[in-house]
Amino acid sequence: MAEQLDKTYDPAKVEKKWYQYWEENELFSPPEDKEGKPFTIMMPPPNITGELHIGHAMDNTLQDIIIRWRRMQGYNTLWVPGTDHASIATEVKVVDKLRREENLSKDEVGREGFLDRAWQWKEEYGNRITEQIRNLGASCDWTRERFTMDEGCSEAVTEVFVKLYEEGLIYQGDYIVNWCPDCATTLSDIEVEHEEAEGKLYYINYPFKNEEGSITVATTRPETMLGDTGIAVNPDDERYQDLIGKKVILPLMNRELPIVEDDFVDSDFGTGMVKVTPAHDPNDFDMGERNDLEQVQVIGFDGKMTEAAGEYAGLTREECRQKVVADLEAADYLVKIEDHQHAVGHCYRCDEIVEPMISKQWFVDMEPLAEPAIKAVKEGDINFVPERFSRVYLNWMENIKDWCISRQLWWGHRIPVWYCQDCQHVNVARKRPDKCQECGSEDLKQDEDVLDTWFSSALWPFSTLGWPEETEDLNFYYPTDVLVTGRDIIFFWVARMIFMGLHFKGEKPFSDVYVHGLIRDAQGRKMSKSLGNGVDPLEVIDDYGADALRFMLITGNPPGNDMRFREERLEASRNFANKIWNAARFMLMHLEEEDQLDISNYQPEDLTMAEKWILNRFNEIVAKVNENMEKYLFGEVSKTLYDFVWSEFCDWYLELIKPRLYQEENNDDVRQAAELGQYVLANILKLLHPVMPFITEEIYQKLPGSQGSIMLQEWPEIKETFAFAETAESMELVQDIIRSIRNIRNEMKVDPGKKITALFEAEGKSNEVLKKAEVYLRELAGLEKLKIASSLADKPDKAATAVVQDVDIILPLEEMVDIAEEITRLEKEKEEIKSEIKRAEGKLANEGFVTQAPADLVEAEREKLEEFNQQLSRISARIQELKS
RNA sequence: GUGGGUAUAGCUCAGCUGGUCAGAGCGCCACGUUGACAUCGUGGAGGCCAGUGGUUCGAAUCCACUUACCCACACCA
């Protein structure tokens, strides 16, 4: 006998073992030689700050499904894992830790000391998350694991910076940027999150210079008025034509402000006059540039008012606002205050209110880079799945603004720029220059700043393959095939990879972008630390197993949609794993060590009805799975397999073969039943393996005749020799009959253990089918005696009847049957059939349907109608018999 | 403001290119344990697929509008 299984599946017992086995045998690594068709995925690198969260679990499950499937299909597959240094997020964590454990500030330990500690952090926490990814079963090639700040990736970053600078696509300049006073660094536009807030709109009078009267402007941020350097009106605003060129006096500061005209001003908002604060508002900055207005910085980088704010210097922004408002009111400048809803920018990391500030930073000129990136998606060279996300991408790309890439942080790629302390020349170089390229001075000082994390992430698809070196990996595996990621980082990451890939490789980084949704909690809320409603995937794995988690994450959810995390779905997945386990347990109870997985020595004519049926069904399942895999419809794949395993393989097939397995006369028959059964089981396991790698491996390797890891088996193919359409139809008839008998037994309250007698009246083909299926009917419908005839002479009155297709079923249940009730029951069925007939007749009476619908559909409808009519007459006849 | 998503059984959701698609899981009702599985089996009840109109021989499925909820983007002070 083959090895026997425990009664229930215990994932904890097998998962670690198999992962080690796979990794130690390097089954995740592609073959050494660059042969075959490559298939490549780059894992979106998780932050080293983090723990694995449920989103990562989803993301990596999807990638693993794709890569395991392609690997089994024979592709030369590479899945590169790695981690991201996450500049700002990690720095915040390390600063915290430094404060907590050593009571030191960043400045107190200095740049070097700080970086030492950051690297220690990376060692400790970077490894933790990769361990967690292993728990999920991810079959990525750990021998090629990368880190965004490792030597190669860093070289790529420097190369890209220098090249872009040389091409004039990176420039340095004083522009208005987003400044987070708390993180003390700039942020890119997309790192600022706008939140609607209830604010106030303050109307303030600014008196004219040299004449009576005043104008009124509205602002949501009165404290910025201290930095006002102009007033703007729309040139088309007839009300204010004669004001243009005049001057007003800025209250509290006594500064003269010119009134200028600018298209930006919306005449319908507020008073139609805008105070212009070029140093503290992006729009005002632009207006200031256009109208040559002064820039007065009244808010400092620490979030406090500067000396330029006069008596308000040193106050926080909020304190200053209160004092300004009070002072305006006291001096009678304040006209009114209205409630006003507006969007306030917050730092995506620390939630501090972001301050627009003028500052000298490095920027990437986006337009030239965006153009090909737009084209690639528009022309279908790169496809978003689902397609709708391409619009999100395009919308952003087409309105892109220059990208501020310098960050006032220490943890990250330091900007490869050295300023000459003598001639101020800006030296941009791949390595620290010995002397100034301009004046030869050796007194050079490197830019203090580091680059935006996403600058290095943008290079991930090719930096991980060795770029800028022309490595074999790069030549073979680039471009990658699909990028799998959450819809929340389309801008941060996907977009940037696309333009960087196109620019530096001259080729798209990937063909498909599979975008998945977010996982929400059971109430549909976003999971967040503050709500504490996050789900720890490791706990889930402990409780239910990685396979159940994986199955749950992809089932019943179409691409791109958010999904709710519900415990009961996890239970259903675990139960499914257990179902598979027990099906295997059953098979193994009947398998011998010598049994084979290869069934090619069985000829079609040797196969039983049940075997033909299941093989035929399996063909159909393979087709469906393949089709949905290609379309990234993994939810459909898992659903298909779930239904097939549970409702067909277990509920029917295993039950159908039991009589053969348990009989003792003919051992050849037993062996055939066992071998065919394990063949189907093994192939189901293969189809399931990408989704549930652990349990499928555990079972597969126990099957007699199996060789090596299921990971390396060939993906099942559709076999023409297993196409048995006719048997499939016959089997359906048998199933319908069995269901029908079970139904009657139940309604008649026949003891489930009790064997009953059944009479079947059927002609022609159905008659033959029934005769062949006798043993199935006997076992599955609980029959003892049965009689199959083309015509029955004396039908007992005391019997329950049913009509299935062209078969009359008569169950002589004697005393259990109340003839009156039986008539009622049949009348009810008759009504149902009648309504079906009405429907079919209606359809066929519709000329449009008959002439325009596909011929086979019309034919099918006709056949149905005929069948229903037959059933109707049979039932009517039976009712007559009972009545008379 | 622009763009997008979602509305299907009591609950959570599938339903891909319009015609056996009205489905699943959980829940509910009835019955059932000498073995593959109670993490189970058998049988059953439950929905005019948000509303209106249109296209079509035929619509949960396509189009328009309406209603409700959600999200992303956006420089309206």
Side-chain angles (χ1 to χ4, degrees), chain A residues 4-5 7-9 190 194 201-202 217-221 224 232 264-266 268-277 281-287 340 342-343 356 386 388-389 391-392 394-396 399 487-488 490-491 517-518 522 524 526 544 548 552 555-564 566-569 571-590 627-628 631 633 635-636 639 642-643 646-647 650-651 654-655 658 739 742-747 749-753 780 782 843 846-854 857-858 860-861 864:
Chain A
Q4 299 302 294
L5 303 181
K7 208 169 165 183
T8 50
Y9 175 56
I190 47 177
H194 294 272
L201 194 58
Y202 302 84
V217 296
T219 180
T220 53
R221 302 189 61 197
T224 63
F264 170 76
V265 181
D266 177 355
D268 296 330
F269 189 88
T271 58
M273 305 187 100
V274 189
K275 61 191 256 330
V276 185
T277 322
D281 183 282
N283 302 309
D284 291 10
F285 177 84
D286 291 341
M287 282 198 279
H340 180 68
H342 63 137
R388 71 182 123 100
F389 287 107
R391 244 169 297 171
V392 177
L394 287 172
N395 183 44
W396 188 74
N399 297 296
R487 59 153 218 260
D488 48 338
I490 291 176
F491 307 140
L518 273 39
K526 222 168 167 173
Y544 295 94
M552 173 270 186
T555 305
N557 185 243
N561 282 22
D562 287 358
M563 138 188 277
R564 292 192 200 198
R566 314 189 88 233
E567 201 85 4
E568 63 207 51
R569 304 210 313 110
E571 281 167 18
S573 302
R574 179 203 53 194
N575 295 352
F576 178 51
N578 195 55
K579 189 73 181 176
I580 298 163
W581 181 256
N582 272 287
R585 179 168 183 258
F586 172 74
M587 283 315 306
L588 283 167
M589 290 171 80
H590 295 93
E627 194 188 322
N628 287 318
K631 291 195 283 193
L633 294 174
E636 288 296 306
K639 189 78 193 342
Y642 181 99
D643 288 342
W646 205 306
S647 311
C650 291
D651 285 354
L654 293 185
E655 296 304 322
K658 275 181 182 173
R739 266 190 284 260
R742 284 170 171 174
N743 183 340
I744 292 173
R745 292 181 56 123
N746 223 289
E747 278 186 35
K749 307 256 186 284
V750 179
D751 186 327
L780 301 192
K843 230 172 167 180
N846 182 338
E847 199 172 327
F849 176 72
V850 179
T851 54
Q852 294 185 54
L857 263 174
V858 180
E861 204 58 44
K864 261 191 276 180

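Below, chains carry the letters A, B, ... as their sequence lines are ordered, and counting in each starts from 1.
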Counting primed atoms plus P, OP1 and OP2 as sugar-phosphate and everything else as base, spell out the protein contacts along nucleotides 17-32 of chain B at 4.0 Å heavy-atom distance: B, S or - for each nucleotide, 5' to 3'.
--B----SBS----SS
Secondary structure of RNA chain B in dot-bracket form (Watson-Crick or G-U wobble, distances below 3.5 Å, | marking inter-strand pairs)
(((((((..((((.....[...)))).(((((.......))))).....(((((..]....))))))))))))....
C1'-based separation of B:C49 from B:A60 [nearest Å]
4 Å
Give me the distance, rounded to whole Å, that separates B:U17 from B:G3 when you measure between the P atoms they each carry.
23 Å
Looking only at side-chain N and O atoms, does A:Asn743 come under 4.0 Å of OP1 or OP2 in B:G44?
yes
With the sugar-phosphate defined as primed atoms, P, OP1 and OP2, and the base as all remaining atoms, what B/S/- string results for nucleotides 45-50 of chain B, 5' to 3', for protein heavy atoms under 4.0 Å?
------
Do the side-chain N or O atoms of A:Asn561 get closer than 4.0 angstrom to the phosphate oxygens (OP1, OP2) of B:A14?
yes
For a quick test of reading the model: is some side-chain N or O of A:Arg742 closer than 4.0 Å to OP1 or OP2 of B:G43?
yes
Any residue meeting side chain to side chain contact (heavy atoms under 4.5 Å, CB included) with A:Lys843, in chain and number order, not counting sequence neighbours
A:Arg839, A:Phe849, A:Glu861
Could you pick out which residue, A:Asn628 or A:Glu847, lies toward the 5' side of RNA chain B when each is mapped onto its nearest nucleotide?
A:Asn628
Can you see if the side chain of A:Lys7 gets near the phosphate of B:C37 - specifically, an N or O under 4.0 Å from OP1 or OP2?
yes
Select base, sugar-phosphate, or nothing to describe what A:Glu567 touches, counting heavy atoms under 4.0 Å on all strands.
nothing
Please identify each residue that fulfils side-chain hydrogen bond (donor to acceptor under 3.5 Å, both in side chains) with A:Tyr642, with sequence neighbours left out.
none
Under the side chain to side chain contact (heavy atoms under 4.5 Å, CB included) test, residues paired with A:Glu747 that sit two or more places apart:
A:Asn743, A:Arg825
Base, backbone or nothing for each nucleotide of nucleotides 67-77 of chain B, written B, S, -, heavy atoms under 4.0 angstrom, 5' to 3'?
----S-SBBBB
Under the side-chain hydrogen bond (donor to acceptor under 3.5 Å, both in side chains) test, which residues partner A:Arg564, sequence neighbours left out?
none
Can you name the residues that form a salt bridge (Lys or Arg N to Asp or Glu O under 4.0 Å) with A:Glu567, not counting sequence neighbours?
none
Under the rule for ring-ring contact (aromatic ring centres under 6.0 Å, His included), what residues qualify as partners of A:Phe264, not counting sequence neighbours?
none
Are OP1 or OP2 of B:C40 and a side-chain N or O of A:Trp646 less than 4.0 angstrom apart?
no
Contacts of A:Asp562 that satisfy salt bridge (Lys or Arg N to Asp or Glu O under 4.0 Å) - sequence neighbours left out:
A:Arg487, A:Arg520
With sequence neighbours excluded, what pairs up with A:Arg388 under the salt bridge (Lys or Arg N to Asp or Glu O under 4.0 Å) test?
none
For A:Gly635, report the nucleic acid contact type (base, sugar-phosphate, nothing); a contact means any heavy atom under 4.0 Å.
nothing
